[in-house]
Amino acid sequence: MTLQRQISFWLLALAAAIAFLYVFSPILLPFVAGMALAYLLDPIADRLEAIGLSRLAATVTILVLFVILFIVALIVILPVLGSQLAGFIENLPRLIGNLQGIITEQLGARLHSITGIGVKDLQSNFGDILSKSASWFGGLLQSVWSGGQAVLSIVSLFVVTPVVAFYLLLDWDRMVAKIDDWLPRDHRDVIHRLAREMDKAVAGFVRGQFSVCLLLGIFYAVGLAAVGLNFGLLIGLGAGMVSFIPYVGATLGFVVSLGVALVQFWPDWPWIVAVFGVFAVGQFLEGNILQPKLVGRSVGLHPVWLMFALFAFGYLLGFVGLLIAVPVSAMIAVLVRFALEQYRSSRLYIGTGVPPNAREKDDA
């Protein structure tokens with residue numbers, strides 16, 4: 001097969017994959033979640049096999065324990081989170097009104113002397129900002145909700161996902177062997193190398209970032225609850241779970257926590273500073289301990305590109321897009337690095353008048 005035909009084949013395959021995701025995105029959520037769960041738990045199944053369990057016994061053991069832990073967590077945490085969420089939604093207009101009053105009263109005179117903006121103008125602008133922010137956030141939630149709920153309900157998601165995860169986890173090694181048997185023999189070694197790099201990048205991020213989000217959520221929730229912040233458990237767990245988007249989880253949690261703290265504790269500055277301290281310590285732990293130890297530089301993507309991928313995939317595919325954004329971006333990054341490697345060793349980069357090994361000598 002010529003190079004032109006190879007490029008055409010892979011471009012058609014890519015277009016078919018994108019079209020498939022776009023058309024079937026409303027029903028893909030339980031299957032994508034099941035694949036992610038199987039991928040997350042496959043190393044544990046391999047370890048259980050190594051100590052003597054069959055693949056079936058290892059799969060059943062893992063999924064039963066996972067489902068039990070998940071149900072226990074829901075029974076223990078869900079009522080508290082549901083109560084706090086209901087209270088937060090009910091009190092949100094009052095919180096916004098009180099926060100607006102505190103800010104305009106404390107900063108109105110100073111801003112008027114510096115910028116000439118009056119208190120009424122400040123209140124109007126602040127109200128517009130809050131209204132637009134609430135509208136944007138509501139639209140985002142609606143998009144995520146519709147993307148995950150268009151066809152399947154939450155109940156069906158909880159039913160289908162474990163079944164998909166069970167069969168994928170049971171047949172994982174056989175599926176990998178079957179796909180390996182389909183590979184073109186001339187390019188098998190190169191595809192193996194690229195697949196190993198993709199697996200390292202995706203596994204490092206998915207498994208590592210899952211642990212980071214969980215630990216941050218627990219830290220923020222415990223810290224804010226210890227300070228006595230209203231809705232602290234809800235805000236802390238939410239900030240931790242959204243931390244898979246760089247900077248967004250911590251920023252969103254900090255802004256919401258600070259707003260609630262100002263309304264609740266004003267003018268007791270020590271408690272407001274304590275809320276600030278919880279997020280400062282959390283960011284220090286994430287940046288200096290959790291991320292380097294659990295995730296490292298496995299994905300190889302700049303945070304800006306990572307955020308762009310999350311927002312782009314989320315916009316196009318809803319919640320399913322958020323789930324696949326990082327793995328797909330990591331795979332694309334591996335392919336781009338491989339393409340650049342091939343380009344830098346080609347005549348197109350080196351030129352026709354330079355010997356092929358001249359660049360290596362210059363670099364040395």
Side-chain angles (χ1 to χ4, degrees), residues 1 3 6-7 9-14 16-18 20-21 31-51 53 55 58-59 62 164-165 167-213 244 246 290-303 305-306 309-310 313 321-346 349 360 363:
M1 184 182 291
L3 177 61
Q6 291 185 39
I7 294 175
F9 171 79
W10 288 114
L11 287 178
L12 287 174
L14 177 62
I18 293 174
F20 176 84
L21 290 174
F31 300 95
V32 173
M35 291 176 63
L37 185 59
Y39 186 77
L40 189 68
L41 299 176
D42 180 63
I44 303 177
D46 292 338
R47 292 184 182 181
L48 291 178
E49 276 191 291
I51 64 176
L53 289 180
R55 185 71 181 189
T59 301
I62 291 170
V164 173
Y167 284 108
L168 289 180
L169 193 59
L170 180 63
D171 296 328
W172 192 273
D173 293 335
R174 278 180 286 184
M175 288 189 301
V176 171
K178 178 62 69 175
I179 293 173
D180 182 68
D181 188 54
W182 295 341
L183 298 180
R185 300 296 96 178
D186 290 343
H187 306 289
R188 185 169 177 267
D189 293 337
V190 175
I191 296 175
H192 277 188
R193 177 168 71 87
L194 294 175
R196 284 193 297 269
E197 292 180 11
M198 291 179 182
D199 178 69
K200 181 180 178 181
V202 174
F205 184 86
V206 171
R207 294 162 187 156
Q209 193 64 35
F210 176 81
S211 301
V212 170
C213 291
F244 69 92
L290 297 179
Q291 283 282 352
K293 297 292 184 181
L294 298 177
V295 180
R297 300 184 58 84
S298 55
V299 180
L301 293 175
H302 193 277
W305 286 111
L306 194 57
L310 287 163
F313 277 83
L322 293 178
L323 290 179
I324 67 173
V326 174
V328 172
S329 300
M331 295 177 184
I332 293 174
V334 171
L335 294 177
V336 169
R337 286 193 291 267
F338 174 73
L340 289 174
E341 176 186 325
Q342 298 301 307
Y343 164 69
R344 287 175 61 86
S345 61
S346 69
Y349 174 77
E360 284 78 2
D363 293 341

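Scope of the values below: all heavy atoms of this structure, side chains included, with no hydrogens, waters or symmetry mates.
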_For residues 33-42, which residue pairs pass the salt bridge (charged side-chain N to carboxylate O under 4.0 Å, His left out) check, not counting sequence neighbours?_
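Qualifying pairs, neighbours excluded: D42-R55.
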Over all heavy atoms of both residues, which pair between [X] and [Y] is shortest? Give the atoms and the distance, please.
| X | Y | answer |
| --- | --- | --- |
| A165 | A38 | O-CB, 3.9 Å |
| G34 | V164 | CA-CG1, 4.0 Å |
| L48 | A58 | CB-CB, 3.7 Å |
| L169 | L41 | CD1-C, 4.0 Å |

Could you pull out all residues at least two apart from [X] that satisfy side-chain contact (heavy atoms from CB on, under 4.5 Å)?
| X | result |
| --- | --- |
| R196 | H192, R193 |
| V334 | L194, E197, M198, R337 |
| V328 | F313, I324, I332 |
| I191 | L183, P184, H187 |

*Under a 4.5 Å cut-off applied to non-hydrogen side-chain atoms, are L168 and D171 in contact?*
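The answer is no; the side chains never approach within 4.5 Å.
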_Which residues pass the salt bridge (Lys or Arg N to Asp or Glu O under 4.0 Å) test with D199, not counting sequence neighbours?_
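Testing D199 for salt bridge (Lys or Arg N to Asp or Glu O under 4.0 Å), a comparison that skips the adjacent residues, returns none.
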*Applying ring-ring contact (aromatic ring centres under 6.0 Å, His included), name anything that partners F338, two or more places apart in sequence or on another chain.*
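For F338 there are no ring-ring contact (aromatic ring centres under 6.0 Å, His included) partners, ignoring immediate neighbours.
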